[in-house]
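Encoded as structure tokens, the structure appears first; notes follow it.
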Amino acid sequence: MKYHFASDNTSGVCPEAWQAMAEANVGYHPSYGADAITAEACESFRRFFDTDCEVFFVFNGTAANSLALASLCQSYHSVICSDLAHVETDECGAPEFFSNGSKLLTAKSSLGKLDPTDVERLITHRTDLHYPRPKALSLSQSTELGTVYRPGEIAGLCKLAKSHGLHVHMDGARFFNALAAQTATPADLTWKAGVDVLCCGGTKLGMAVTEAVVFFNHDLARDFEYRCKQAGQLCSKMRFISAQWLRILNDDTWRQHAARANGLARKLADGLGQLPGAQILYPVDANAVFARLPETMKSGLKERGWMFYSFIGGGSRLMCSWATTEADVDTFIADAQAWA
Ligand SMILES: *Cc1c(COP(=O)(O)O)cnc(C)c1O
């Protein structure tokens, strides 16, 4: 099976992250994040975002999102997210579970982005105590449809949220793809626009088992380390996670991998879009291509061993990663052409 385009997590660990782990694999170090590599990695996050943020490392995105949202809400609160949000559709109720019952309220989205009018409707249409009070807004960057929010769009949503007393969470499983897609700085896309907490994705970028939870709002980070520990998300050999972050953030390695994945998605969309009967469904801002393909083309590609999902976003989803090659894209397009 050729899993190349099924997801950006079907690829392996990028050489830089692997090497960083090998280099950390020498001697003895303090455990549970008390080591020097972890302290340095947290410092490099503060440099990267150009602010004094608090940083915690967990193993995956579901934990990052759920624990972050739980720290923004009481059990009687609610979280507004898009109807396509990963927290709603792909986390098995973990955000509700870890927050002891905060309800997710889904707002309409357009090309994967939250519709501000619908967000405002959800915030204001009930204010009585029989309804869970909205306390957090969650947006995904890049979105589940491969589009990217610009700083002004984020700032607009944050302003709306804050004017009603809501905190803002960003699901950045593909934050680096969104960052590489535009000239904005990491700060522009987060705290300068009003984001309180970012779940910053490492795994899909090319790292092994890690996401960083970055709090720009210090009050909300209180006791977060206890939430991580209780949820089984405190790594005892933390240095293997920290060493990867240190390497990826400091060397501009993140940009190289994210830009490559974005560029190959663009190339894939350009090639597929020219085939008769194939239609690219959404703007390819980041590393995802959504295409409506003729049934014969889909089954032909699957016969040749290509794996991709067709249950997300109303079409076939093709994801590029750090490991995708020009040759993968060319071969896929050539195989698609055979059934066009
Ligand atoms: C992949 C992904 C996550 C993280 O999922 P895990 O499998 O729990 O690591 C979170 N949000 C989005 C939008 C994703 O695509």
Side-chain angles (χ1 to χ4, degrees), residues 3 5-13 17 56-70 79-99 104 106-107 109 111-114 136-149 154 168-181 189-190 195 197-214 227-228 231-233 235 241 244-245 257-258 261-262 265 282 284-290 308-309 311-313 315 317-323:
Y3 280 89
F5 298 105
S7 180
D8 33 1
N9 57 18
T10 59
S11 59
V13 176
F56 304 86
F57 301 127
V58 296
F59 295 114
N60 58 42
T62 299
N65 286 335
S66 305
L67 297 174
L69 286 171
V79 176
I80 296 176
C81 62
S82 106
D83 46 2
L84 300 168
H86 196 273
V87 289
E88 160 71 8
T89 63
D90 287 285
E91 299 191 355
C92 195
E96 294 92 332
F97 176 77
F98 282 105
S99 60
L104 298 189
T106 56
S109 56
L111 299 175
K113 299 186 202 181
L114 282 163
L137 180 68
S138 174
L139 59 146
S140 303
Q141 174 76 315
S142 54
T143 71
E144 285 77 3
L145 297 186
T147 52
V148 157
Y149 286 97
I154 302 169
V168 179
H169 160 260
M170 180 176 274
D171 174 351
R174 301 187 179 95
F175 180 74
F176 293 100
N177 298 98
L179 186 57
L189 290 181
T190 55
V195 173
V197 57
L198 166 72
C199 294
C200 188
T203 306
K204 284 172 180 155
L205 180 69
M207 299 165 73
V209 289
T210 178
E211 314 275 302
V213 183
V214 183
R227 282 189 197 281
C228 292
Q233 290 285 326
C235 180
I241 284 177
Q244 295 178 68
W245 280 113
H257 289 321
N262 291 358
Y282 313 118
V284 180
D285 290 344
N287 63 327
V289 178
F290 286 83
F308 50 89
Y309 297 127
F311 65 87
I312 309 165
R317 188 191 75 162
L318 304 160
M319 299 300 309
C320 294
S321 74
W322 72 271

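All ligand and atom numbering here is 1-based and tracks the order in the structure.
There is a side-chain donor-acceptor pair under 3.5 Å between Ser7 and Asn9.
Here Phe308 and Phe5 keep their ring centres 6.0 angstrom or further from each other.
Contact annotation: the side chain of Val195 approaches that of Ile154 to within less than 4.5 Å [non-hydrogen atoms, C-beta and beyond].
The aromatic rings of Phe176 and Trp245 sit tilted relative to each other, their planes meeting at an angle between 30° and 60°.
No side-chain donor-acceptor contact under 3.5 Å links Glu88 to the backbone of Thr106.
Using a 4.0 Å heavy-atom criterion, the residues that approach ligand 1 are Asn60, Gly61, Thr62, Asn65, His86, Glu91, Glu144, Asp171, Ala173, Arg174, Lys204.
Rounded to the nearest 0.5 angstrom, Leu104 CG and Leu69 CG are separated by 7.5 Å.
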